[in-house]
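One-based numbering, in listed order, for ligands and for the atoms of each.
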Amino acid sequence: MTLGSHSALQILKGAKDEGFRTVLVCLKKRLSLYSRFKKLIDEMVLVDSFAEVASPEVQDKLLSLNSILIPHGSLVEYVDLEVIEKRFKVPIFGNKYILRWEADRGLKERLLREAGARTPRAYSSIDEVDGTVIVKLPGAKGGRGYFIASRPSEIRERLEALKVSEDQVFIQEYVLGVTAYAHFFYSPLSGELELIGMDRRYETNADGLGRLPASVQLEARPELSFLVVGNIPIVLRESLLEEVFRVGDGLVEASKRLVPPGFIGPFCIEGAYDGEGNFYVFEFSARIVAGTNIYIYGSPYTWLVYDEPMSMGKRIAREIKRASEEGRLEALLT
Ligand code: AMP
């Protein structure tokens with residue numbers, strides 16, 4: 001079972017391919033979209049807003065269908081974390097307590113540090129800023145609400161105009177380079193970490209800026225947005241894979257210590273390579289990311305390991321199937 005948004009189609013397809021019956025909690029206004037894919041959906045539960053998924057009626061309905069909820073980015077965005085942690089009766093695939101570590105900037109930085117990831121410098125005060133930084137505003141969503149600056153006076157001016165106080169923002173060194181997002185799957189059943197794919201996000205209008213000559217940019221001073229409109233595949237130089245796995249393994253270990261039982265299933269590390277080829281991690285997601293939608297038929301990395309098309313959605317369903325056959329479902333659910 002999942003919510004109709006983000007990576008729902010892939011999750012449904014993967015579940016179907018593994019022989020499960022599927023349930024989609026669908027917004028009434030999206031019914032016509034998801035009806036186009038009705039082949040993938042056995043039961044549809046219609047709601048006015050995703051927050052309704054936590055209501056006693058919807059929870060009871062989902063329980064009666066013997067559902068397991070597969071969380072994705074829209075669950076995290078539209079349903080209150082406390083509700084997910086305390087009021088959900090339907091079992092959730094993965095460690096629901098780690099979603100808070102994705103949402104909270106302080107916790108996120110701590111987990112990344114403990115994992116041994118190289119992170120961009122975080123500035124504790126505006127006056128320390130001595131290079132190009134990205135300023136992340138509180139409650140920024142969907143890649144909107146960031147700006148780039150390089151001087152303390154410029155940052156103060158912008159914050160004043162936005163009416164945001166200095167202590168509410170997170171100021172981070174801007175990594176000038178190539179962004180890359182690694183999609184991992186950690187299997188508690190096998191104890192192995194798998195690289196399922198990698199993507200880059202196509203972000204408007206940040207990715208459109210490079211088409212403007214510098215003189216026009218200076219004149220027009222466009223407001224920057226990192227709103228994701230789609231994802232594009234990337235395959236890393238093979239020698240760079242070692243560091244990606246080192247950070248992935250580090251996150252798995254650190255998560256077991258800090259948020260037991262640690263990561264279960266999909267998570268993603270999000271970063272950029274600088275001019276020297278150093279990988280800086282600025283974010284992680286503690287559940288499936290939409291960049292995996294590129295690889296519904298499998299990625300170059302899954303093809304190396306599986307002799308069949310393997311998507312993240314199918315990998316999740318495969319793990320649940322195996323756990324159910326081995327009587328170990330509780331190792332995957334919270
Ligand atoms: P996030 O919401 O943190 O995933 O960031 C949205 C986008 O902002 C990323 O996909 C990157 O394009 C960009 N970004 C965030 N942090 C940094 C950073 N420290 N250096 C360079 N780009 C960044």
Side-chain angles (χ1 to χ4, degrees), residues 6-7 72-78 98-113 115 117-124 126 128-150 155 158 164 168-184 197-211 222-234 236 243-244 247 251 266-294:
H6 192 266
S7 43
H72 56 47
S74 296
L75 179 83
V76 178
E77 189 158 343
Y78 298 111
I98 214 167
L99 299 174
R100 184 170 289 284
W101 289 66
E102 164 183 339
D104 182 302
R105 177 69 57 191
L107 294 177
K108 173 176 282 178
E109 290 292 305
R110 183 165 162 218
L111 190 56
L112 286 172
R113 251 195 334 270
R118 185 189 275 122
T119 52
R121 177 174 169 194
Y123 292 84
S124 48
I126 294 183
E128 280 177 24
V129 168
D130 54 359
T132 309
V133 294
I134 180 162
V135 181
K136 302 186 173 183
L137 305 185
K141 271 192 186 147
R144 276 175 286 202
Y146 295 166
F147 66 82
I148 294 173
S150 49
I155 301 174
R158 297 286 302 266
V164 175
Q168 284 181 289
V169 295
F170 181 68
I171 304 175
Q172 194 176 51
E173 169 192 0
Y174 183 81
V175 182
L176 182 63
V178 174
T179 53
Y181 306 90
H183 320 145
F184 281 114
M198 294 204 64
D199 80 298
R200 303 193 63 200
R201 295 182 187 152
Y202 213 69
E203 298 172 320
T204 188
N205 54 12
D207 282 317
L209 262 192
R211 296 183 176 212
E223 279 300 325
L224 214 54
S225 162
F226 292 92
L227 179 75
V228 179
V229 287
N231 303 81
I232 32 189
I234 181 168
L236 281 192
E243 170 67 2
V244 168
V247 179
L251 271 172
F267 69 96
C268 176
I269 52 177
E270 303 160 18
Y273 289 89
D274 73 1
E276 264 85 57
N278 297 314
F279 186 47
Y280 286 87
V281 182
F282 45 74
E283 292 280 345
F284 68 80
S285 299
R287 31 81 199 167
I288 186 171
V289 288
T292 58
N293 287 341
I294 306 170

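- Under a 4.0 Å criterion applied to the non-hydrogen atoms of Glu270, ligand 1 contributes the atoms 4 (O).
- Across all non-hydrogen atoms, the minimal contact from Gly291 to Asn231 is CA-ND2, 3.4 Å.
- Nearest to atom 4 (O) of ligand 1 among the protein's heavy atoms is Arg201 NH1, 3.4 Å.
- Qualifying ring-ring contact (aromatic ring centres under 6.0 Å, His included) partners for Tyr273, counting only residues two or more places apart in sequence or in other chains: Phe279.
- Heavy atoms of Phe284 found under 4.0 angstrom from ligand 1: none, in either backbone or side chain.
- Scanning the protein for heavy atoms near atom 6 (C) of ligand 1, the closest one is Tyr146 CE1, 3.5 Å.
- The nearest protein atom to atom 14 (N) of ligand 1, hydrogens excluded, is given as Ile134 CD1, 3.7 Å; this is a heavy-atom distance.
- Ligand 1 has no N or O atom lying under 3.5 Å from any N or O atom of Thr179, backbone or side chain.
- Using a 4.0 Å cut-off to heavy atoms of Lys136, the atoms of ligand 1 that qualify are 3 (O), 15 (C), 16 (N).
- When hydrogens are left out, the protein atom nearest atom 7 (C) of ligand 1 is Glu203 OE2, 3.3 Å; that is the closest non-hydrogen contact.
- Under a cutoff of 6.0 Å and an axis angle of 45°, Arg201 and Tyr181 form a cation-pi pair.
- Between Arg121 and the choices Glu173, Glu109, Glu128, the salt bridge (charged side-chain N to carboxylate O under 4.0 Å, His left out) rule is met once, by Glu128.
- Two residues are said to be in side-chain contact when any heavy atoms from C-beta on lie closer than 4.5 Å; Ile155 and Val135 meet this criterion.
- Proximity to Pro120 (heavy-atom distance under 4.0 Å) selects the following atoms of ligand 1: 19 (N).
- Nearest non-hydrogen protein atom to atom 20 (N) of ligand 1 is Val175 N, 2.9 Å.
- The shortest N or O to N or O distance between Phe282 and ligand 1 is not under 3.5 Å.
- Dense packing is recorded around CZ of Phe170, with more than 12 heavy atoms of other residues, nucleotides or ligands lying under 6.0 Å away.
- Of all protein heavy atoms, the one closest to atom 3 (O) of ligand 1 is Glu283 OE2, 2.6 Å.
- Enclosure of atom CG in Leu209 by more than 12 non-hydrogen atoms of other residues, nucleotides or ligands within 6.0 angstrom is indicated.
- Ligand 1 does not have Ala272 within reach: every non-hydrogen atom of the residue lies 4.0 Å or more from it.
- Near Tyr181, meaning under 4.0 Å from any of its heavy atoms, are these atoms of ligand 1: 9 (C), 10 (O), 11 (C), 12 (O).
- With hydrogens and angles disregarded, a donor-acceptor distance shorter than 3.5 Å links the side chain of Asn293 to the backbone of His6.
- The shell of residues lying under 4.0 angstrom from ligand 1, judged by heavy atoms, excludes Tyr280.
- Of the possible donor and acceptor atoms, one in the side chain of Asn205 sits under 3.5 Å from a partner among the backbone N and O of Glu223.
- Residue Tyr174 has no nitrogen or oxygen atom sitting less than 3.5 Å from a nitrogen or oxygen atom of ligand 1, judged on distance alone.
- By the ring-ring contact (aromatic ring centres under 6.0 Å, His included) test, Tyr280 is found to be paired with no residue, residues two or more places apart in sequence or in another chain being considered.
- The Phe226 neighbourhood of ligand 1 comprises atoms 7 (C), 8 (O), 12 (O), 13 (C), with distances under 4.0 Å to a heavy atom of that residue.
- Here the CG-CG distance, from Asp104 to Leu99, works out to 12.5 Å after rounding to the nearest 0.5 Å.
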